[in-house]
Amino acid sequence: MDNKIYLQLKKHISIRSGQTVFLHDVADLLCPVDIKKKIKKLVIPIDNSRDNITTTINVIEIIEIINKILPQAVVISVGEKQVSIIINKEESKKIDFINLIKLAITCFLLFVGSGLAIMYFHADVNMHQVHETLIIAITGESTSPYWINIPYSIGIGLGIALFFGIFPMKNKNPDPLEIEMFKYEKDVNSYLENSNEKSD
Amino acid sequence: MNKFLLIALGLSGGAIVGTGISAFITVLGVLVRVMDLSKTQRYGYVYKIAILLGSLVSTYIYIFELSIKANPVWLSIVGLFMGVFVGMVASALAETLDVLPFTSTNIGINRWIYLWIIALIFGKIIGSIIYWTVPGFY
């Protein structure tokens with residue numbers, strides 16, 4: 001396999017804006033060491049000036065780049081047909097003023113909105129009737145409804161915290177929100193890949 | 001003859017509601033999440049029996065107006081667990097789960113999303129307490 005290059009493209013990589021992408025960033029290579037040295041620092045030409053976009057590079061373009069340097073090399077692609085390169089804005093570690101305002105407003109929105117939603121829900125399903133029935137069923141007389149109402153209200157908060165895994169736990173599985181975030185990002189990426197394919 | 005018709009009606013209606021309620025609990029992912037949190041996936045059949053018993057007992061209590069005449073503390077314990085269940089159902093509803101990732105990506109505060117959950121929790125607790133304590137809501 002002296003002139004064969006096995007090339008396995010990665011599915012997607014993410015870089016910071018302005019970063020140069022080399023061949024060994026987008027693909028795993030299997031070939032003789034001297035060839036590998038020559039080609040692994042080849043620059044993949046992408047437009048990396050803009051933020052928050054995804055570009056795709058096809059395996060054909062990469063074979064073309066390799067063949068310019070090594071015309072006699074045989075490139076065998078064993079991986080993906082294309083790699084999508086996600087260009088991220090460099091995210092600053094500290095939270096700035098504008099983000100703080102956004103965060104405060106959205107937190108307030110969720111606070112008020114979720115409170116309103118639970119009131120709607122209780123009124124919609126006649127929750128007070130159920131609680132009154134339960135008070136009679138368990139104590140046999142009409143006790144103060146606060147005996148059930150207040151623990152019930154605290155329980156709602158506890159239920160949400162449990163569901164989203166707010167409490168720190170050892171070796172926990174991803175919680176539903178993390179899974180949903182992952183799905184959402186995957187959807188966005190596959191949409192961008194498709195729309196890039198069409199425009200090519 | 002009319003009585004047989006009533007029995008048939010009640011039986012089929014109950015069967016439909018029973019399948020509906022188990023599908024509701026299962027599809028929403030509450031059951032899966034509880035098993036995941038407690039790492040008790042192996043004992044799935046116990047959960048099935050628990051759901052069955054819970055539905056049956058509460059139906060009989062509701063229809064026959066039974067009473068066990070217990071201490072009000074038991075009321076609080078039942079209330080707390082009712083709240084946990086409702087809280088889980090509320091957060092499992094597709095609306096919440098779909099909207100949060102979309103909005104957080106749009107305004108670029110992905111890393112702070114758990115602060116939102118905290119806001120949600122306190123909103124629900126305080127909203128619920130207002131509903132029960134302030135007169136005039138029902």
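The model shown is predicted, which means the values in this text are computed figures rather than measured ones. Below, chain A is the first sequence line, B the second, and so on; all start at residue 1.
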Closest heavy-atom contact between A:Leu177 and B:Ile117? CD2-CD1, 3.8 Å
A:Tyr146 versus chain B, heavy atoms under 4.5 Å apart: side chain, backbone, both or neither? side chain
Atom CG in A:Leu162, atom CD1 in B:Ile121: separation rounded to 0.5 Å? 9.5 Å
Which bit of B:Ser58 is near chain A, if near means a heavy-atom gap under 4.5 Å: side chain, backbone, both or neither? neither
Would you indicate whether the side-chain heavy atoms of A:Ile150 and B:Trp132 approach each other to under 4.5 Å? no
Assert top hit (heavy-atom pairs under 4.5 Å, partner chain B, pool A:Ile148, A:Val112, A:Ile156) equals A:Ile156
Measure B:Leu66 against the heavy atoms of chain A and call it side chain, backbone, both or neither at under 4.5 Å. backbone
Quick check: closest heavy atoms across A:Gly165 and B:Arg33, and the distance to 0.1 Å? N-NH2, 3.7 Å
Please tell me whether A:Phe22 and A:Leu70 are part of a single hydrophobic cluster in this structure, the criterion being side-chain heavy atoms less than 4.5 Å apart. no
Heavy atoms of A:Ser114 and B:Gly123 approach each other most closely as OG-CA, 3.5 Å
Chain B interface, residue from A:Leu110, A:Thr139, A:Leu109 that has the most non-hydrogen pairs under 4.5 Å: A:Thr139
Which portion of B:Ile126 sits near chain A, non-hydrogen atoms under 4.5 angstrom: side chain
Value rounded to 0.5 Å, distance of CG in B:Leu120 from CD1 in A:Ile118: 10.0 Å
Heavy-atom pairs under 4.5 Å with chain B - which of A:Ala123, A:Cys107, A:Ala137 has more of them than the others? A:Ala137
Which atoms of A:Ile179 approach chain B - backbone, side chain, both or neither, heavy atom under 4.5 Å: neither
Between atom CD of A:Gln129 and atom OH of B:Tyr62, what is the distance when rounded to the nearest 0.5 Å? 5.0 Å
From the list A:His122, A:Met119, A:Glu180, the residue making the most non-hydrogen contacts under 4.5 Å with chain B is A:His122
Toward chain B, the part of A:Phe108 with a non-hydrogen atom under 4.5 Å: neither
Looking at B:Pro72 and A:Thr143, what are the two nearest heavy atoms and their distance? CG-CG2, 3.9 Å
Separation of B:Ile118 CD1 from A:Phe111 CZ (nearest 0.5 Å): 12.5 Å
Is the shortest side-chain heavy-atom distance between B:Val73 and A:Trp147 below 4.5 Å? yes
Going only through I, L, V, M, F, W and Y residues with side-chain contacts under 4.5 Å, is there a path from B:Phe81 to A:Ile135? yes
Proximal component of A:Asp175, with respect to chain B [non-hydrogen, under 4.5 Å]: both
Single-linkage hydrophobic cluster, 4.5 Å side-chain cutoff, B:Val34 and B:Phe24 together: yes
Exercise: identify the closest heavy-atom pair between B:Ser76 and A:Pro151: O-CB, 3.3 Å
If you take all heavy atoms of B:Ile129 and A:Ser153, which pair is closest and at what distance? CG1-CB, 3.5 Å
B:Ile77 versus chain A, heavy atoms under 4.5 Å apart: side chain, backbone, both or neither? neither
Would you call B:Trp116 and A:Leu103 a side-chain contact if the rule is heavy atoms closer than 4.5 Å? yes
Which answer fits B:Phe137, side chain, backbone, both or neither, if we ask what part of it has an atom under 4.5 Å from a heavy atom of chain A? side chain
Nearest 0.5 Å, what's the CG-CH2 distance between A:Leu134 and B:Trp74? 14.5 Å
Report the distance from atom CD1 of B:Ile61 to atom CD1 of A:Ile138, rounding to the nearest 0.5 Å. 7.0 Å
